[in-house]
Colleague: 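Once you've had a glance at the structure underneath, I'll fire off some questions.
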Amino acid sequence: MVELLAPGGNMAMVRVVLDAGADAVYVGPRGWSRRAAAFEMDDDSLRACIEYVHARGRKIRAAFNTLPAGREVPLFIEELGRLVEWGIDDVILTDIGCIAAARRAFPDLPIHASVGCNIVNGADYAFYRELGVTQIVADCKLPFEELKAIKEAGVGAEVLIHATTCFTYIGQCWMSSFARQVREIDAKGKNHFRGSPNRGGVCYRLCLLPWRLGPAGRVVADGVALRNDAFFVVEEIPDYLRLGVDTLKIQGREYSPGLIGAIVAFYRDLVDAYLADPAGWRPQVWHERLRSLRQRRDA
């Protein structure tokens, strides 16, 4: 059975998405995930979430999807060890070295390779499988035939069904760090790079600002828009289910609990409707329902 994975930016959101039908929830340890601190959790909140999710019979995973400095790797292992002790089900990692270190320290812990790894071909699939990764979060631009290749490689496949794309590869853009060059070391010794989502800060969406294109002194185009669109997948869902995709992932830790709850409920109903009656499933019904959800998201 496919897993519906929802974001948990705080305890209120965790409760809402589970009530809306999520099978699993992912959370971000503070300073280690690609979100602002307001949408990450400290250790006390993480432990409480783990206990709450398990009491509901669901799963919870932690996203360490940033690129730590060398001296921060021991801190990463310490933080991960606490979560393992508290019963975290699996983790989402981006940094290759941290994946290898986590595999050595916790050989039984399932590891998912983040979308930030930008895994795009068969050689990548084989490499991460040998590294010990159990599931790959597919890039937003990955063709369907590549998803099939992931499954054929013997690795779990996870696809984003609601997310925001990036005009470049996720995790490879450093534009925000030029806008805000701020660092802050917390009590544990973790350096929070406030202007870099890749290092524990937040993306400032500079790509959404109006840009001028051209050489110095001459404008070729004014108000150029770089693509960074939010998308909702509808028509591809049956293909994913027939392929045997393991996880359908929803992004949105920065949303309000009410909005993300409505998005989770939409996809819970969509998936259940298709599984109950594949022959009678009609995408236009869901596009109509999605229209109001889009308006609510864009408001």
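Along the sequence shown, the residues carry numbers beginning at 1.
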Colleague: Give, for atom OH of Tyr255 and atom CZ of Arg296, the distance between the pair rounded to the nearest 0.5 Å.
Modeller: 11.5 Å
Colleague: Quick check: does any side chain N or O of Glu146 sit under 3.5 Å from a backbone N or O of Pro143, one acting as donor and the other as acceptor?
Modeller: no
Colleague: Linking I/L/V/M/F/W/Y whenever any side-chain heavy atoms sit under 4.5 Å apart, do Val16 and Val25 land together?
Modeller: no
Colleague: What are the two closest non-hydrogen atoms of Asp124 and Asn118, and how far apart are they?
Modeller: OD2-O, 4.0 Å
Colleague: Under 4.5 Å between side-chain heavy atoms, chaining through other members, with only Ile, Leu, Val, Met, Phe, Trp and Tyr counted: pull out the rest of the cluster around Val73, sorted by chain and number.
Modeller: none
Colleague: Can you spot which of Val17, Ile92, Thr247 makes a side chain to side chain contact (heavy atoms under 4.5 Å, CB included) with Tyr26?
Modeller: Ile92
Colleague: Do any side-chain atoms of residues 102-117 form donor-acceptor pairs under 3.5 angstrom with protein atoms, and if so which ones, sequence neighbours left out?
Modeller:
residue, atom, partner, partner atom, Å
Arg103, NH1, Pro107, O, 2.8
Arg103, NH1, Leu109, O, 3.2
Arg103, NH2, Leu109, O, 3.4
Arg103, NH2, Gly132, O, 2.5
Ser114, OG, Thr94, OG1, 3.2
Ser114, OG, Gly116, N, 3.0

Colleague: Where is the tightest heavy-atom contact between Ala138 and Leu147, given as atom of each residue plus distance?
Modeller: CB-CD2, 3.5 Å
Colleague: How long is the gap from CG on Leu5 to CD1 on Ile60, to the nearest 0.5 Å?
Modeller: 10.5 Å
Colleague: Between the main-chain N or O of Leu67 and the side-chain N or O of Asp95, is there a donor-acceptor pair closer than 3.5 Å?
Modeller: no
Colleague: Who passes side-chain contact (heavy atoms from CB on, under 4.5 Å) against Glu235, sequence neighbours left out?
Modeller: Pro283, His287
Colleague: Would you name the heavy atoms of His54 and Gly87 that are closest together and state the gap between them?
Modeller: CE1-O, 2.8 Å
Colleague: The criterion is side chain to side chain donor-acceptor pair (under 3.5 Å); which residues satisfy it with Arg82, sequence neighbours excluded?
Modeller: Asp43, Glu79
Colleague: Indicate yes or no for a side-chain donor-acceptor contact from Arg253 to the backbone of Pro7 under 3.5 Å, with no hydrogens or angles considered.
Modeller: no
Colleague: Decide yes or no for Asp90 and Thr134: does some side-chain heavy atom of the first lie under 4.5 Å from some side-chain heavy atom of the second?
Modeller: no
Colleague: Would you please name every residue forming a side chain to side chain donor-acceptor pair (under 3.5 Å) with Asp42, sequence neighbours left out?
Modeller: Ser45
Colleague: Mind checking whether Val271 and Ile260 sit in one hydrophobic cluster, side chains of I, L, V, M, F, W, Y counted as touching below 4.5 Å?
Modeller: yes
Colleague: Sequence neighbours left out, what passes side-chain contact (heavy atoms from CB on, under 4.5 Å) with Ala265? Give chain and number order.
Modeller: Ala20
Colleague: Which pairs pass salt bridge (Lys or Arg N to Asp or Glu O under 4.0 Å) with one or both residues in residues 46-59, sequence neighbours excluded?
Modeller: Asp19-Arg56, Arg47-Glu51
Colleague: Side chains of residues 150-161: which donor-acceptor pairs under 3.5 Å do they make with residues two or more places apart or in other chains?
Modeller:
residue, atom, partner, partner atom, Å
Lys151, NZ, Gly244, O, 3.0
Lys151, NZ, Asp246, OD2, 3.0
Glu158, OE1, Gln135, NE2, 2.8

Colleague: Report the residues that fulfil side-chain contact (heavy atoms from CB on, under 4.5 Å) with Ala12, sequence neighbours left out, ordered by chain and then residue number.
Modeller: Asn10, Pro257
Colleague: Would the number of heavy atoms belonging to other residues, nucleotides or ligands and lying under 6.0 Å from CZ of Arg242 be above 12?
Modeller: yes
Colleague: Ring of Tyr52, cation from Arg15 - is the NZ or CZ under 6.0 Å from the centre and inside 45° of the axis?
Modeller: yes
Colleague: Nearest 0.5 angstrom please: Ile119 CD1 to Leu142 CG, how far?
Modeller: 9.5 Å
Colleague: Does Arg297 reach the side chain of His162, with side-chain heavy atoms less than 4.5 Å apart?
Modeller: yes
Colleague: Would you check, one step at a time, whether the test side-chain contact (heavy atoms from CB on, under 4.5 Å) holds for Leu4 with Ile250?
Modeller: CA-CA 8 Å; Leu4 184 61; Ile250 298 167; 4.0 Å; yes
Colleague: Should Trp32 and Glu72 be marked as a side-chain contact (heavy atoms from CB on, under 4.5 Å) after you check the CA-CA gap, both sets of side-chain angles, and the distance that decides it?
Modeller: CA-CA 10 Å; Trp32 297 100; Glu72 294 175 337; 4.3 Å; yes
Colleague: What heavy-atom pair brings Leu83 and Pro29 nearest, and what distance separates the two atoms?
Modeller: CD1-CG, 4.1 Å
Colleague: Check whether any side-chain heavy atom of Ile136 lies under 4.5 Å from a side-chain heavy atom of Arg129, and answer yes or no.
Modeller: no
Colleague: When you look at Ile88 and Trp86, which way does the side-chain contact (heavy atoms from CB on, under 4.5 Å) test go after all the steps?
Modeller: CA-CA 6 Å; Ile88 199 75; Trp86 298 333; over 6 Å; no
Colleague: Would you call the rings of Trp286 and Trp281 parallel, tilted or perpendicular, taking 30° and 60° as the class edges?
Modeller: parallel
Colleague: Can Met11 be reached from Phe39 by stepping across I, L, V, M, F, W or Y side chains whose heavy atoms are under 4.5 Å apart?
Modeller: no
Colleague: Out of curiosity, Asn121 CG to Asp139 CG, how far, rounded to the nearest 0.5 Å?
Modeller: 11.5 Å
Colleague: Got a sec, which residues hit side chain to side chain donor-acceptor pair (under 3.5 Å) with Asp23, two or more places apart in sequence or on another chain?
Modeller: Arg268
Colleague: Only counting residues at least two apart or in another chain, list the ones meeting side-chain contact (heavy atoms from CB on, under 4.5 Å) with Pro278.
Modeller: Tyr274
Colleague: Nearest 0.5 Å, please: how far is CG in Leu248 from CD in Glu236?
Modeller: 11.5 Å
Colleague: To the nearest 0.5 Å, what is the distance between CG on Leu243 and OH on Tyr240?
Modeller: 9.5 Å
Colleague: For the hydrophobic clusters of this structure (ILVMFWY residues joined by side-chain heavy atoms under 4.5 Å, transitively), does one cluster hold both Val264 and Phe266?
Modeller: yes
Colleague: Show every side-chain hydrogen bond (donor to acceptor under 3.5 Å, both in side chains) that has at least one partner inside residues 257-267, sequence neighbours left out.
Modeller: none
